[in-house]
Amino acid sequence: MTTASPATRAQDPSAAPLERLTRLLGELTGPGQPFSPEALAELDRTEAFPTEACRALDTFGLRRFYVPVEHGGALESFDVVMRLLRAVSRIDLTVALSHGKTYLGAAATWIAGEPEAARRLGRRIAEGTPVSCALTERHHGSDLMAGEVTARPAPDGGWLLSGEKWLINLATRGGLVTVLARTDEEGGPRGFSLFLVDKSRLAPEHFTHLPKVPTYGIRGADISGIAFHDAPLPEDALIGRVGEGIEIIVKALHFSRTGCVAMSLGAGDHALALAAEFVAQDADGVRLAQDPYVRRELGEAAAGLLLSDAAGLVAARSPHALAGEMSVVSAVAKAYVPTEVDDLIARLLHLLGPYGLLRPDDPHTGFAKVERDHRIIGIFDGSSLVNRSALIEQFPRIARGYAKGRWDAEGLAEATNPHAPLRPMRPRELGLVSSGGCSIVAGLPAAVGELRDLAVRGHASTALTTLAGQLLDVSDRLHQDMAAIRFPPRAVPGHAFRLAERFESCFAAASALHLWLRAAARARGPIPEAALLACLVKALTDLEEPVDDADRTAFDDLAEAVLSRPSAPFHSLLDHVEPTGSQQGAAS
Amino acid sequence: MSDPHAEPHTVDSLREWLTNCVASHLERSADTIDTSVRLSDYGLDSLYVLSVAGELEDHLDISLDPTLLWDNPTIDALSEALAKELAQYA
């Protein structure tokens with residue numbers, strides 16, 4: 001569905017803060033600055049918290065973007081804060097996770113939407129108080145409903161909180177902590193509630209910080225825990241109503257999972273840039289970039305990043321455009337993107353050889369640090385296994401919507417056109433399960449039809465329509481398989497997880513196709529298709545579908561584009577089809 | 001759209017449909033299901049019942065907040081709640 005608005009490029013609402021932050025980060029990576037490679041390497045070596053870097057982001061005002069406009073902040077559009085966090089992650093994931101945690105810690109309060117509580121929290125965030133979110137416990141991991149931390153009504157009003165939360169980002173440094181606690185001994189989905197705990201209002205005997213846990217990556221991050229000892233909480237610490245804890249937190253996870261995707265994309269950008277710079281340089285008179293194998297691998301890694309970006313961009317717009325489908329969109333994006341980025345990092349590591357494994361203070365590369373830091377993203381806020389389970393539970397809805405050709409055309413158009421204004425976020429529209437299946441993939445048959453119409457007018461190649469048709473065949477078969485999945489409680493069959501992975505690839509490829517089609521509609525004429533070709537070839541490769549070797553040259557074209565500007569590779573499919581001033585490059 | 005000739009849903013017809021639905025998920029016969037027992041006691045945990053909500057939506061052709069199944073944890077309670085919900089559509 002296209003809108004009738006003029007095709008002139010609307011001012012991208014995210015452009016101004018993103019440009020300012022990118023410029024600032026450029027300055028802050030200089031010698032002696034908090035984001036300099038030396039400073040970050042030293043923090044990693046000593047496992048020290050990036051205090052200076054976080055302070056620089058505070059000075060920039062990044063915190064304002066964690067607070068919705070209606071609660072006194074600058075957050076109007078979710079994809080803006082996602083792009084800002086991606087820009088920080090592109091330089092250092094530990095800093096992004098440490099600073100961005102405040103948004104994720106506050107999300108439950110925004111969703112509950114009680115105006116006075118939200119305004120109060122907004123003020124505290126603006127003043128510089130970091131906010132954490134404590135869900136997991138030592139013996140229960142992802143099983144939130146097994147949690148033992150308990151809040152009991154206090155005799156003279158308010159609550160008494162007891163128990164231990166562990167493996168929590170910012171548990172020690174957070175001044176405020178969103179805590180999920182059992183409020184009904186029986187437990188169950190209505191047996192838990194959320195509390196915003198203000199440490200500054202607790203006496204020291206009521207809580208203990210647990211020691212920082214040494215980790216494989218993100219070594220400087222404050223990954224620790226907190227134990228409460230009959231900590232008295234005022235009545236107004238309760239977020240939402242008693243018994244709504246699980247419901248609110250499941251919805252908050254839609255946001256935090258999408259946040260993880262943005263950070264993962266930033267790490268992917270970083271890895272690709274490091275690898276491109278490495279292979280582009282002369283080493284003993286040999287340029288690795290001239291090797292056809294190296295180019296093919298680099299191109300395939302770049303295609304994986306473009307596909308991830310397509311899925312991530314759509315996911316970041318979906319809290320506005322497709323809010324009712326966030327339970328599917330966030331699970332797909334959180335399972336897909338970090339896996340794809342882990343894969344591309346492994347592919348690039350192979351190209352760097354020993355240089356990929358050197359310590360971050362080595363002048364050649366900080367690649368090993370990116371590899372280590374990123375590994376946690378696939379586990380944070382629900383592992384890929386947890387997200388795929390959430391997706392599988394919704395297979396019947398998704399398959400039914402697909403079979404009936406039912407999707408939200410208006411929401412899909414808004415989610416896939418970055419120039420379309422986003423409607424305000426309405427937490428009320430978020431659901432525990434998707435109301436309408438998955439519009440991104442259910443809209444694939446129509447998108448392929450639209451592409452074929454473009455081909456008739458000479459605005460799309462046969463190669464492109466053939467690949468898109470192949471993707472559609474895969475998707476049709478996949479949805480039949482998904483519809484056939486039936487299982488008794490707690491007995492998800494193993495092959496359902498394989499179907500979930502295939503669905504994720506279809507989602508990413510469909511996202512890329514939608515984004516390209518909307519760009520083509522804006523351009524009202526032929527637009528470059530090399531990047532989309534590479535995305536489709538990569539998705540079909542991941543789907544283990546037969547791909548002609550001739551089609552794989554799409555990876556070489558992409559490598560060419562990346563190598564033409566090794567220190568600033570393209571991050572997005574859209575950079576290839578509508579280069580803007582700041583991202584202008586030799587797009588094919 | 002719902003079939004205008006279809007029988008209207010009653011608490012009893014809803015209870016019967018739900019019993020059969022739950023029995024099929026548990027792969028056992030409907031006469032072994034006690035409608036006053038919490039679904040979670042049958043192993044239908046809080047996430048799993050959300051997929052039952054989807055089937056209910058299809059059967060009744062209405063859109064449901066799946067937390068209705070959290071707030072009404074037995075087939076008996078759910079049948080009553082659904083009948084009330086449907087009355088709003090009538």
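Naming: A, B, ... by sequence-line order, numbering from 1 per chain.
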In terms of heavy-atom proximity below 4.5 Å to chain B, should A:Gln394 be classed as side chain, backbone, both, or neither? neither
Side chain, backbone, both or neither: which part of A:Phe395 has a heavy atom under 4.5 Å from chain B? neither
What residue, out of B:Leu64, B:Val49, B:Leu44, B:Thr67, has the most heavy-atom pairs lying under 4.5 Å from chain A? B:Thr67
Calculate, to the nearest 0.5 Å, the distance between atoms [atom1] and [atom2] belonging to [X] and [Y] respectively.
{"X": "A:Ile246", "Y": "B:Leu47", "atom1": "CD1", "atom2": "CG", "value": "9.0 Å"}
{"X": "A:Glu247", "Y": "B:Asp65", "atom1": "CD", "atom2": "CG", "value": "6.5 Å"}
{"X": "A:Glu393", "Y": "B:Leu50", "atom1": "CD", "atom2": "CG", "value": "7.5 Å"}
{"X": "B:Trp70", "Y": "A:Leu432", "atom1": "CH2", "atom2": "CG", "value": "4.5 Å"}
{"X": "B:Glu57", "Y": "A:Arg400", "atom1": "CD", "atom2": "CZ", "value": "8.0 Å"}
{"X": "B:Tyr48", "Y": "A:Arg490", "atom1": "OH", "atom2": "CZ", "value": "11.5 Å"}

Sort B:Ser63 into side chain, backbone, both or neither according to what part of it lies under 4.5 angstrom from a heavy atom of chain A. neither
Got a sec: does the [atom1] of [X] have more than 12 other heavy atoms crowding it under 6.0 Å?
{"X": "A:Arg498", "atom1": "CZ", "value": "yes"}
{"X": "B:Glu16", "atom1": "CD", "value": "no"}
{"X": "A:Arg423", "atom1": "CZ", "value": "yes"}

With a 4.5 Å cut-off on side-chain heavy atoms, are [Y] and [X] touching?
{"X": "A:Arg486", "Y": "B:Ser24", "answer": "yes"}
{"X": "A:Pro489", "Y": "B:Leu26", "answer": "yes"}
{"X": "A:Met145", "Y": "B:Ser46", "answer": "yes"}

Smallest separation among heavy atoms of B:Ala53 and A:Arg397, with atom names: C-NH2, 3.7 Å
